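Small disclaimer: the values here were computed from a predicted structure and weren't measured.
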Amino acid sequence: MSVRVRFAPSPTGFLHIGSLRTALYNYLFAKHHGGVCILRIEDTDRTRLVEGAIEEQIASLAWAGVTFDEGPHVGGNHGPYTQSERFDLYRTYGMQLVENGSAYYAFDTSEELDAMRLRQQAAGIAPKYDRSTMRNQFTVGDHETQRLLGENAQHVIRLKVPLHTDVRFHDEIRGDVVFAGREIDDQILLKSDGFPTYHLANVVDDHLMEITHVIRAEEWLPSTPKHVLLYEAFGWKAPTFAHVPLLLNPDRSKMSKRHGDVMVRDFAEKGFFPDALVNFVALCGWNPGTDTEIFSHNELIQAFSLERVNKAGAVFDYKKLDWMNGEYLKSRDPKELAAELLPALTARGYQYIEPDFVADVIELVRERVHFLKDVTEFADYLFGDVLSPLSSELAASISGNDTLRTAVKTFRDGLNNASIADLEAFKGLSQSAAESAGLKMGAFMKPLRLILTHREVGADLFGTVHLLGAQRCSVRLDSFLSS
RNA sequence: GCACCGUUCGUCUAGGGGUUAGGACACCGCUCUUUCACAGCGGUAACACGGGUUCAAUUCCCGUACGGUGUACCA
């Protein structure tokens, strides 16, 4: 049977980085096995819907290169792919469970349920629906149940969990897991508003959509026995489960805002390359067992396997992510990068932004930054003619120095296209300028950089002069000499 | 509280009954260099604890500790 997996987010906000990883693992697993990856929208909680969230999440996923073979935005043979559009289905299946004795009607109000939990807490027992004392089909009797239903009394459908059997299942990542029946709550399947809870909708849809592997976050592990029970109650074969470890804050709690960016869109806005983010996130909790750390999209598909997903949660290391982004910055085609950077340069109103020139600048400075957009700031003296202001200390360090002025003058006079065409000529010029004034090379190059770029640090000076061109260099040198 | 899951350098991890416990990020040092960076080289740094099994345990088993998740008419 061919692999069918799904990513099933709730449209309650922006796409979380942890969700991206879950989606990614599903995607990689499907593609690795030549299977199908489905997007399903789980919008059964009508109170938490956020306008535009579905579109945003799909856009974030697409940005990261995670695409779907079936879903609300692309169609497919197992639709609709949005749970609110499958409303009638869940009631039908829920009732089937009532009829075969696997589920039952309950009439408790939320106040009554709150009171029950309070009692249980006071008595020091685990809060759990008490089937034998609460108001439900069993305690009020069939006759009364029918009467209440007849007068449209508010009710829910609950799963009738067998108290004396253990529920066991195999998890691809964690191995065999067992839960005692008495620990499992009589989960609500259909809410009083007629909508299904996650548990029912999830199981019904996974079955109907012929999902073979449920790959989801570890936080779902404790509710998996309920799902297993549901599959049994329906007489369906359960899919294979794989609960992936959580992404963690530095304090090892579930990754959240407070400690940094967590939304995929935040990372996009910060300037991370999608491939770098995906590469990094793939390696949080999975590794191929080799020393390789840089993987293209296709290499990830090739290498990915559930067997090599870790059990323990992974602290999200922002610093290593920065490093990885830098690795991508260094390896990508400068011309492509130039095209990506161009809009930002235009927005800043720079005048030297011919694509080829920008590509040359990127190539010159990219080893010194982690982000493409940092190039804009780092090399502002190459893109524009207006230099950032010099601090008074730095200005003082080069002013009133006649030896330096002499050297700069010589350098400036020797400057032409030929002298900056190749490294040797440039070196010769700098050297003779420095020596004729009685300066050491080091003592000359530093102020020269300062005069030309107004920066103490920067890219290779020859490369910088080369890109600046003799004309622009002369203007800057002249402005120093005339000051 | 109860249930479940987990625990190798600060972080991501490899490994797995007998290893100098490997790699990467970060950090430190050296080299290169006009600067910064890159690169290269080197360094600091880890098997949570206690029992058991075994000739041998970081690796297997059991406890403990610690951490996480769950415990909703949320997903």
Side-chain angles (χ1 to χ4, degrees), chain A residues 8-12 42-45 47-48 83 106 108-110 113-114 117 120-121 123-129 154-158 171 173-175 177-180 182-185 187-199 201-202 216-225 243 245-246 248-254 280 283-294 308 310-324 326 330 365-369 378 427 430 434 440-450 453 455-462:
Chain A
S10 289
T12 55
E42 310 222 323
D43 58 347
T44 54
D45 184 355
T47 65
R48 294 206 308 157
Q83 290 186 330
D108 317 276
T109 63
S110 40
L113 291 169
D114 289 344
R117 286 187 199 103
Q120 292 169 328
Q121 268 171 37
I125 48 177
K128 180 167 173 292
Y129 186 75
Q154 283 255 311
H155 68 275
V156 299
I157 304 291
R158 280 181 184 272
D171 186 281
I173 294 165
R174 276 144 229 290
V177 183
V178 186
F179 285 81
R182 56 173 299 111
E183 303 291 347
I184 305 167
D185 205 2
Q187 186 63 50
I188 289 178
L189 266 18
L190 283 162
K191 305 184 240 187
S192 55
D193 66 0
F195 272 84
T197 55
Y198 168 85
H199 309 280
N202 192 264
R216 78 228 306 190
E218 187 185 356
E219 56 200 334
W220 290 108
L221 197 56
S223 45
T224 304
H243 289 91
L246 261 21
L248 271 24
N249 290 316
D251 67 3
R252 307 204 74 87
S253 56
K254 193 157 81 172
F280 178 76
L283 255 18
C284 285
W286 169 84
N287 77 85
T290 66
D291 284 346
T292 309
E293 295 203 279
I294 304 296
R308 296 206 61 91
N310 286 23
K311 295 174 178 21
V315 173
F316 194 89
D317 187 347
Y318 290 92
K319 274 196 171 161
K320 189 158 185 178
L321 174 57
D322 284 352
W323 165 79
M324 187 164 281
K330 278 181 265 181
V365 309
R366 63 173 162 185
E367 296 209 322
R368 288 142 212 277
V369 295
F378 192 87
K427 271 186 180 165
S430 329
K440 291 219 188 260
M441 271 291 269
F444 179 52
M445 298 306 265
K446 220 170 160 141
L448 187 59
R449 172 188 298 284
L450 214 45
T453 70
R455 298 289 173 85
E456 284 182 284
V457 301
D460 173 67
L461 195 54
F462 168 67

* A/Thr224 and A/His243: side-chain donor and acceptor closer than 3.5 Å? ->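 A/Thr224 vs A/His243: donor-acceptor pair found between side chains.
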Select base, sugar-phosphate, or nothing to describe what [X] touches, counting heavy atoms under 4.0 Å on all strands.
X: A/Val156; value: base
X: A/Ile188; value: base
X: A/Ser430; value: nothing
X: A/Val365; value: nothing
X: A/Asp108; value: base

* Quick one, give me the B/S/- string for nucleotides 24-40 of chain B, reading 5' to 3', where B means a protein heavy atom under 4.0 Å from the base and S means that only happens at the primed atoms, P, OP1 or OP2. => BBS-------BBBBSS-
* **Under-3.5 Å donor-acceptor pair between A/Ser192 side chain and B/C73 base** =>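 Yes.
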[N] pairs with which nucleotide, Watson-Crick or G-U wobble, both distances below 3.5 Å?
N: B/A39; result: B/U31
N: B/A48; result: B/U64
N: B/A3; result: B/U69
N: B/U54; result: none
N: B/C9; result: none
N: B/U19; result: none

Quick check for you: among [options], whose closest atom lies nearest to any side-chain atom of [X]?
X: A/Pro127; options: B/U71, B/C5, B/C73; answer: B/U71
X: A/Phe179; options: B/A3, B/G68, B/G70; answer: B/A3
X: A/Lys254; options: B/U11, B/C4, B/U69; answer: B/U69
X: A/Leu246; options: B/C73, B/G68, B/C5; answer: B/G68

Considering just the side-chain nitrogens and oxygens of [X], establish if one lies under 4.0 Å of OP1 or OP2 belonging to [N].
X: A/Asn310; N: B/A14; answer: yes
X: A/Asn287; N: B/A14; answer: yes
X: A/Arg48; N: B/C73; answer: no
X: A/Arg117; N: B/A72; answer: yes
X: A/Lys191; N: B/A72; answer: no
X: A/Arg308; N: B/G15; answer: yes
X: A/Thr47; N: B/C74; answer: no

* **Integer angstrom distance from the P of B/C27 to that of B/G67** =>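 Per the computed distance, 29 Å lies between those P atoms.
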* Taking atom C1' in both B/G17 and B/U53, compute the distance separating them and give it to the nearest angstrom. =>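 One C1' to the other, the span is 11 Å.
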* Asked: Are A/Arg174 and A/Glu218 ion-paired here, with the side-chain N under 4.0 Å from a carboxylate O?
  ->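 Salt bridge present between A/Arg174 and A/Glu218.
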* Is any side-chain N of the basic residue among A/Asp322 and A/Lys319 closer than 4.0 Å to the acidic one's carboxylate O? ->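 Between A/Lys319 and A/Asp322 there is no salt bridge, as every charged N stays at least 4.0 Å from the carboxylate O atoms.
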[X] side chain vs [Y] backbone, donor-acceptor pair below 3.5 Å:
X: A/Thr292; Y: A/Ile294; result: no
X: A/Asp185; Y: A/Tyr129; result: yes
X: A/Asn287; Y: A/Gly289; result: yes

* To do: Give a yes/no verdict on a cation-pi contact between A/Arg368 and A/Phe378, requiring under 6.0 Å between NZ or CZ and the six-membered ring centre and an angle within 45° of the axis.
  =>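 Output no; distance or angle outside limits.
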* Asked: Between A/Phe280 and A/Phe316, how do the two ring planes meet: parallel, tilted or perpendicular, split at 30° and 60°?
  ->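 A/Phe280 vs A/Phe316 ring planes: perpendicular.
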* Not counting sequence neighbours, which residues clear salt bridge (Lys or Arg N to Asp or Glu O under 4.0 Å) with A/Glu219? List them please. =>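 For A/Glu219, the residues satisfying salt bridge (Lys or Arg N to Asp or Glu O under 4.0 Å) (neighbours in sequence not counted) are A/Lys254.
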